[in-house]
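Let me begin by presenting the structure, written as structure tokens, before commenting on it.
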Amino acid sequence: MLRLPDRYYWVLPLGAWTVLVALSLALMLHHGDNAAYATARQQGRDIFRMIEAMRLWNSRAGGVLMRQSETTPPNPYLELPERDPVTTSGIPLTTVNPAYMTRQMAGMIEQESGIRIHITSLRPINPNNIADPWETQALQAFEQAGEKERSEILDEGGGPLIRYMAPLFVREECLKCHQKQNYRVGDVRGGISVSIPAADFVARAEGSRRQLLVTHAAVWAFVALMLTIYLRQYRLQWASLKTLTATLEERVQERTARLEKETAAHRASELDARAHHQRFLDLVNTTDGIVWEADANTFVFTFVSRKAETLLGYPVQDWEKPGFWVGHLHPEDREWASQYCAACTGRLEPHRFEYRFIAADGRIVWLEDIVTVVAEDGLPKLLRGLMVDITTRREAELEVRHLTQRLTLATRAAHIGIWEYEPDTGKVVWDSTMHDLFGLAPNEFHGRIDDITALILPEDIPHVTTLLDETLRTGSDFVTTFRILRHGTEIHHIDANAVLVPGNSHKPARLIGVNRDVTERKRNEQELLRLATTDVLTGCYNRGYLQRMLEMEIDRARRHGHALSLLMYDLDHFKNVNDTWGHGVGDQVLARSAVVVRDTIRRTDTLARWGGEEFMVLCPHTSAADARVLGERVQQALREHPTPPAGVVTASVGVVTLRPEDDADTLLKRADDLMYRAKQAGRDNVCCDDCP
């Protein structure tokens with residue numbers, strides 16, 4: 001009968017196998033859960049960063065103007081002086097700030113993809129931005145604990161959701177709309193939450209868990225069965241061997257005693273040689289390459305490791321045939337590779353080279369051959385080497401080369417320069433486009449940050465250096481526009497965008513970014529602004545601009561209790577000028593009189609052409625008496641500056657001062673009435689209803 005330990009000889013290995021499978025299952029389930037959660041968090045983070053980048057663009061631009069429509073009505077929660085301008089052609093526009101743009105985009109994204117984006121705050125201006133309980137907890141954590149983000153996978157009754165939220169920090173641009181909430185730069189103003197439907201995501205995760213369970217159970221059962229069968233057979237063979245051993249033991253002991261003394265040394269040497277040989281074969285056959293030996297004169301292989309069959313598909317016996325290696329080289333490499341190897345062999349030089357080899361299935365395999373020459377009596381006898389498959393590396397190098405070429409062509413076509421900056425060393429690396437952007441030849445750029453700051457206009461340097469320090473300190477994106485002086489005379493506007501790449505043990509932290517010349521865009525923006533606010537003929541402000549300025553100055557005067565006056569004047573007998581001298585001279589009179597009046601009024605006053613020969617002068621902080629004096633000065637200046645050939649052209653002036661009951665329309669109406677009263681009084685007069 002078997003002893004108790006022998007009867008349960010299978011328990012220990014089977015138990016060890018069970019523990020191993022259980023540990024593997026637990027580890028893979030844990031890794032799968034972590035990977036799933038990381039994927040969910042990254043989805044939310046990517047959407048948040050996209051929204052934040054577009055908000056930053058909107059904020060940097062001071063908001064964008066869009067045509068008013070049913071889907072884009074004026075934002076009642078945005079309090080700006082010129083929130084809803086009207087184009088010169090009468091099209092009503094409205095200002096879309098970052099929050100309004102986020103809500104508009106959120107609606108479209110939720111309609112198209114089911115992803116809900118919610119901008120929220122603990123102190124919202126818009127009631128629609130009130131935080132739900134989960135968002136409230138996240139916002140409190142951002143403000144009180146300094147958390148950078150929060151994400152969870154939740155089931156709130158409508159199915160599982162990936163919920164992600166990150167804070168929105170107050171920037172300088174944000175204070176334009178949120179100053180009244182007493183925010184300071186750097187405060188947590190609120191956040192943006194992203195809710196992504198996660199039914200498919202959770203289902204896939206559960207499916208993966210079930211698949212892991214089934215797979216581990218099947219593997220455990222199969223191996224356990226094989227292990228049990230093997231141990232049983234092993235036990236039976238062991239019992240049979242013990243019986244046979246007992247029978248032959250006496251005979252073996254007698255013979256062994258005689259042979260031990262004679263063969264002890266030989267046995268030790270043989271075992272040692274066998275062990276060395278086996279270790280060599282194991283090492284050679286497990287090496288990730290083909291170990292080989294060949295005759296140095298005929299190039300016929302005398303040994304090839306088994307890796308040759310799995311790597312290239314040819315049996316080991318084929319390699320021993322004469323001319324096998326040369327015959328299977330790629331046709332383009334056959335001549336030079338064989339000649340190069342023969343030349344190095346003749347000089348007894350170890351060498352390594354790369355060439356293409358035709359595999360048994362027709363594949364082209366790149367090999368790196370590392371060869372050592374074994375000499376005897378000063379002549380080459382054997383070649384020993386290692387062939388390594390480098391196909392993947394060569395293909396990757398080729399792909400990187402192609403990608404680099406495409407990137408270079410794309411950035412060159414878009415005139416975008418790429419740069420890299422190491423803060424620790426001050427080293428800067430440019431591509432060729434950067435030299436064109438900054439107007440520096442390659443020999444004029446020494447790869448230092450000082451080479452760049454020397455070209456930036458002095459008034460822009462503090463902003464650029466402050467933003468650069470903030471990026472290095474906080475890891476935030478570097479986004480700005482600055483001006484440079486090219487060739488000592490040309491001022492250009494440069495857009496800069498960069499991200500911080502953290503350092504490691506092999507490479508220090510660095511900034512990688514792109515630059516683009518936006519000078520032409522800036523010029524176009526300035527020209528559009530000038531055309532939108534300026535009268536083309538006289539160079540004065542136009543009627544629309546004055547209307548907006550008048551409403552803004554009325555609000556400011558009432559808020560601070562300041563006086564506000566308005567002059568409206570009309571050039572006398574201007575029709576006679578056109579009829580007598582023609583419209584060309586009439587235009588000269590209008591332009592000349594505008595220059596004279598602009599030089600006469602104060603810097604704080606605003607001159608605008610109201611229409612035809614009528615002009616307005618808006619005078620902030622000006623009483624009725626002072627406004628009358630200014631009107632008389634305007635008349636005197638016009639008399640003293642005639643316009644040939646029309647001569648002296650006088651003006652009739654109406655002067656009004658803001659009253660408590662006035663608005664913009666009534667103030668303009670009173671000014672118009674007084675101007676016509678001045679004409680009726682004989683022209684070249686000043687009429688003022690509130691003057692002493």
Side-chain angles (χ1 to χ4, degrees), residues 10-52 113-117 134-135 137-138 141-142 145-167 191-228 230 286-288 310 389 391-393 395-396 399-400 475 499-507 509 512:
W10 49 270
V11 173
L12 182 60
L14 193 59
W17 170 242
T18 302
V19 171
L20 181 62
V21 171
L23 289 175
S24 174
L25 177 61
L27 181 62
M28 294 188 72
L29 287 175
H30 177 72
H31 178 72
D33 290 343
N34 287 344
Y37 184 76
T39 301
R41 182 173 58 249
Q42 188 60 41
Q43 287 181 354
R45 183 184 296 131
D46 291 342
I47 294 174
F48 172 83
R49 287 179 176 174
M50 177 189 68
I51 297 297
E52 187 180 32
S113 63
I115 298 174
R116 184 168 64 87
I117 298 171
W134 185 86
E135 294 171 338
Q137 292 180 359
F142 296 155
E147 287 190 15
K148 300 300 182 182
E149 62 182 1
R150 176 167 288 195
S151 58
E152 293 184 68
I153 301 178
L154 303 174
D155 192 341
E156 299 179 346
L161 291 174
I162 298 171
R163 297 212 66 181
Y164 175 88
M165 188 170 185
I192 295 179
S193 69
V194 181
S195 301
I196 306 173
D200 293 342
F201 181 83
V202 172
R204 288 196 301 270
E206 291 297 328
S208 298
R209 292 175 64 89
R210 287 193 297 271
Q211 184 177 3
L212 283 174
L213 288 171
V214 171
T215 302
H216 279 73
V219 171
W220 178 87
F222 176 76
V223 175
L225 178 61
M226 294 297 101
L227 186 62
T228 302
Y230 171 78
T286 56
T287 299
D288 192 15
T310 59
D389 183 0
T391 305
T392 302
R393 190 192 76 191
E395 291 175 349
E399 180 64 20
V400 169
V499 293
L500 180 65
V501 180
N504 52 44
S505 57
H506 303 290
K507 206 165 188 179
I512 297 178

If every non-hydrogen atom of [X] is compared with every non-hydrogen atom of [Y], which pair is closest and at what distance?
| X | Y | answer |
| --- | --- | --- |
| Leu161 | Ser195 | CD1-CB, 4.4 Å |
| Phe48 | Val194 | N-CG2, 4.3 Å |
| Ala166 | Lys148 | CB-O, 3.9 Å |
| Met28 | Leu212 | CE-CD2, 3.6 Å |
| Glu147 | Pro167 | O-CG, 4.3 Å |

* To do: Give the C-alpha distance, both sets of side-chain angles, the deciding distance and a yes or no for side-chain contact (heavy atoms from CB on, under 4.5 Å) between Arg163 and Arg116.
  => CA-CA 10 Å; Arg163 297 212 66 181; Arg116 184 168 64 87; 3.7 Å; yes
* For Thr215, which residues count as a side-chain hydrogen bond (donor to acceptor under 3.5 Å, both in side chains) partner, sequence neighbours excluded? -> none
* To do: Output all residues satisfying side-chain hydrogen bond (donor to acceptor under 3.5 Å, both in side chains) with Arg209, sequence neighbours left out; order by chain, then residue number.
  => Asp33
* **Backbone of Leu20 reached by a side-chain donor or acceptor of Ser24 within 3.5 Å** => no
* **side-chain contact (heavy atoms from CB on, under 4.5 Å) between Ile47 and Ile196, intermediate numbers included** => CA-CA 10 Å; Ile47 294 174; Ile196 306 173; 3.7 Å; yes
* side-chain contact (heavy atoms from CB on, under 4.5 Å) with Ile512: which residues, sequence neighbours excluded? -> Glu420, Val501, Arg510
* **Point-to-point distance, once rounded to the nearest 0.5 Å, from OH of Tyr164 to CD of Glu149** => 3.5 Å
* Quick one: CD on Gln42 to CZ on Arg49, what's the gap to the nearest 0.5 Å? -> 6.5 Å
* To do: Mark yes when over 12 heavy atoms from residues, nucleotides or ligands other than Gln211 sit less than 6.0 Å from its CD; otherwise mark no.
  => no
* To do: Just do the side-chain contact (heavy atoms from CB on, under 4.5 Å) check on Val19 and Leu23 with the steps written out, would you?
  => CA-CA 6 Å; Val19 171; Leu23 289 175; 4.0 Å; yes
* Trp134 and Glu152: side-chain contact (heavy atoms from CB on, under 4.5 Å), yes or no, with the steps? -> CA-CA 10 Å; Trp134 185 86; Glu152 293 184 68; 2.7 Å; yes
